[in-house]
Amino acid sequence: MDVRALRYFVEVVRQQSFTRAAEALFVTQPTISKMLRQLEDELNCTLLLREGRRLHLTDSGQVVYQRGLMILQEFKQLEQEIGDINQLKTGELRLGVPPMVGMQIAGSVSAFRQRYPGITLKIVESGGLTVQEAVLSGSLDLALTALPIDEQLPLNTLTLMRHPLCVLVPHAAPWLERTSVSLAEVTRHPLLIFNEEFSLNRQLKQAFQREGLTPQIAVRSGQWDFLAAMVQAGMGVAILPEPICQRLDKQSLLWLPLESELAWTLGLIWREGSYLSRSAQAWIDCCREYWPGDAPTLWV
């Protein structure tokens, strides 16, 4: 059913005149007459009867008129809601964030909320590989994760920031004399590492393999604070991004630069070739503004 035909019919009943309805709708009278005939043909019934200058609704016409009022009201509401979405006054954004990334995006989340207070932001915390799978399945619109990702995956990426990796050790001798630690030296100590759900786990595994090294994995965990507590307890060493280390207790823990080209690179991912909601597009634009470049973070 053509909504225009329904709108024309309702207006004719309101105005009790084809001529006045045509003027109100800014169309010609023949156009209205044609559309009403098509509506009657489609419904296979007569809707209006002429009696002199008066128009009378048939029983079918009365039903179509009452239902038409509701349908047109719903359609008007739909147009308003679509308009609000297009103007980013409402909507929903499903964003995946690995636990370590949350502290890095607090500023951009705040900026997004201030700009688009009507958009509901649903944040799902999970490991980098898990949020990648969720984006690919469509259960998340976008995700922040460690880069690089598998080049064969149909995902678009936007690099946001880079941070050095550090070796986290107890604040005690002989580490106090050191200024950096190599991957080879890391293998001489029990290694506390993120579990396989995290992209950083894969990056470190590949780095050890490239150098022909075999680390002594002592503990795997999805919680950076647990890994730090294990280091403090003397269970081994851990490799963590520098911003995570900056949150730790400097009196009991020490973090030294890892002698490697590896870096903790964070970026935004979304499905290649898929529909992006206006909310998702707005988040990407907001990230581009908040992180205008992808220069590495320097040591301070």
Side-chain angles (χ1 to χ4, degrees), residues 96-104 125-133 143-151 159 161-267 296-300:
V97 179
M100 285 195 301
V101 176
M103 67 187 73
Q104 302 298 305
E125 274 197 298
S126 229
L129 299 182
T130 300
V131 296
Q132 284 183 32
E133 293 173 1
L144 281 99
T145 189
L147 301 178
I149 59 172
D150 187 341
E151 294 181 355
T159 300
M161 64 189 96
R162 290 189 180 94
H163 296 286
L165 289 176
C166 302
V167 180
L168 186 66
V169 298
H171 194 277
W175 299 110
L176 294 173
E177 306 296 326
R178 303 297 303 277
T179 57
S180 65
V181 182
S182 67
L183 278 174
E185 186 169 1
V186 168
T187 62
R188 296 197 286 270
H189 302 270
L191 180 61
L192 316 173
I193 194 171
F194 283 103
N195 58 40
E196 290 81 357
E197 184 186 0
F198 289 78
S199 301
L200 185 56
N201 177 291
R202 185 184 69 247
Q203 286 181 264
L204 290 172
K205 182 179 179 180
Q206 292 172 347
F208 284 120
Q209 289 175 344
R210 283 194 298 269
E211 297 196 20
L213 301 171
T214 303
Q216 307 172 44
I217 306 297
V219 173
R220 288 184 175 88
S221 174
Q223 302 296 324
W224 59 267
D225 50 351
F226 175 76
L227 294 178
M230 292 298 97
V231 172
Q232 188 172 346
M235 294 290 294
V237 302
I239 298 177
L240 297 176
E242 186 264 346
I244 303 295
C245 295
Q246 292 291 351
R247 297 169 59 91
L248 302 175
D249 180 13
K250 295 182 179 181
Q251 301 301 316
S252 57
L253 290 167
L254 179 67
W255 43 96
L256 301 167
L258 177 66
E259 297 171 9
S260 171
E261 294 181 357
L262 285 177
W264 191 46
T265 304
L266 298 180
T297 299
L298 301 178
W299 287 92
V300 294

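Atom set for the values below is all heavy atoms of this structure, side chains included, hydrogens, waters and symmetry mates excluded. These numbers were taken from a predicted model, which means no experiment stands behind them. In this chain, residues are counted from 1 in sequence order.
How far CD of Glu185 is from CG of Leu256: 9.0 Å, rounded to the nearest 0.5 Å. Atom CD in Gln246 sits 10.5 Å away from atom NE2 in His163 (nearest 0.5 Å). To the nearest 0.5 angstrom, Leu176 atom CG is 12.5 Å from Thr179 atom OG1. A distance of 9.5 Å separates CG of Asp225 from CD1 of Ile244, quoted to the nearest 0.5 Å. In this structure, Ile217 CD1 and Leu191 CG are separated by 4.5 Å, a value rounded to the nearest 0.5 Å. The CD atom of Glu242 lies 10.0 Å from the CH2 atom of Trp264; values are rounded to the nearest 0.5 Å.
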Could you go through the side-chain contact (heavy atoms from CB on, under 4.5 Å) check for Ser199 and Leu129 one step at a time?
CA-CA 6 Å; Ser199 301; Leu129 299 182; 4.0 Å; yes
Report the C-alpha distance between Thr145 and Gln132 in whole Å, list the side-chain angles of each, state the deciding distance to 0.1 Å, and finish with yes or no for side-chain contact (heavy atoms from CB on, under 4.5 Å).
CA-CA 8 Å; Thr145 189; Gln132 284 183 32; 3.9 Å; yes
Could you go through the side-chain contact (heavy atoms from CB on, under 4.5 Å) check for Val167 and Trp255 one step at a time?
CA-CA 5 Å; Val167 180; Trp255 43 96; over 6 Å; no
Evaluate side-chain contact (heavy atoms from CB on, under 4.5 Å) for Glu196 paired with Arg220, printing each intermediate quantity in order.
CA-CA 8 Å; Glu196 290 81 357; Arg220 288 184 175 88; 3.0 Å; yes
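Residues Gln203 and Pro148 have side chains in contact (heavy-atom distance under 4.5 Å, counting atoms from C-beta outward). Using a 4.5 Å cut-off on side-chain heavy atoms (C-beta onward), Leu147 and Leu266 make no contact. Residues Pro170 and Leu253 have side chains not in contact (no heavy-atom distance under 4.5 Å, counting atoms from C-beta outward). Between Phe194 and Leu204 there is no side-chain heavy-atom pair separated by less than 4.5 Å. Within the 4.5 Å cutoff, side-chain heavy atoms of Ser126 are placed close to those of Glu197. Considering only heavy atoms from C-beta on, Leu200 stays 4.5 Å or farther from Trp224 through its side chain. No side-chain heavy atom of Leu258 sits less than 4.5 Å from a side-chain heavy atom of Pro164. With contacts defined as side-chain heavy-atom distances shorter than 4.5 Å, the pair Val97/Val131 does not qualify.
Applying the side chain to side chain contact (heavy atoms under 4.5 Å, CB included) test between Ile193 and each of Leu227, Asn201, Val237, Leu240 identifies Asn201 as the sole match. Across Leu254, Leu192, Leu248, a single residue satisfies side chain to side chain contact (heavy atoms under 4.5 Å, CB included) together with Leu168, and that is Leu248.
Checked against the 6.0 Å centroid criterion, the rings of Trp175 and His189 qualify as a close aromatic pair.
Residues Ser221 and Gln223 come closest through the heavy atom pair OG-N, 3.1 Å.
Within 6.0 Å of CD in Gln209 there are more than 12 heavy atoms belonging to other residues, nucleotides or ligands. More than 12 non-hydrogen atoms from other residues, nucleotides or ligands lie less than 6.0 angstrom from CD of Gln206.
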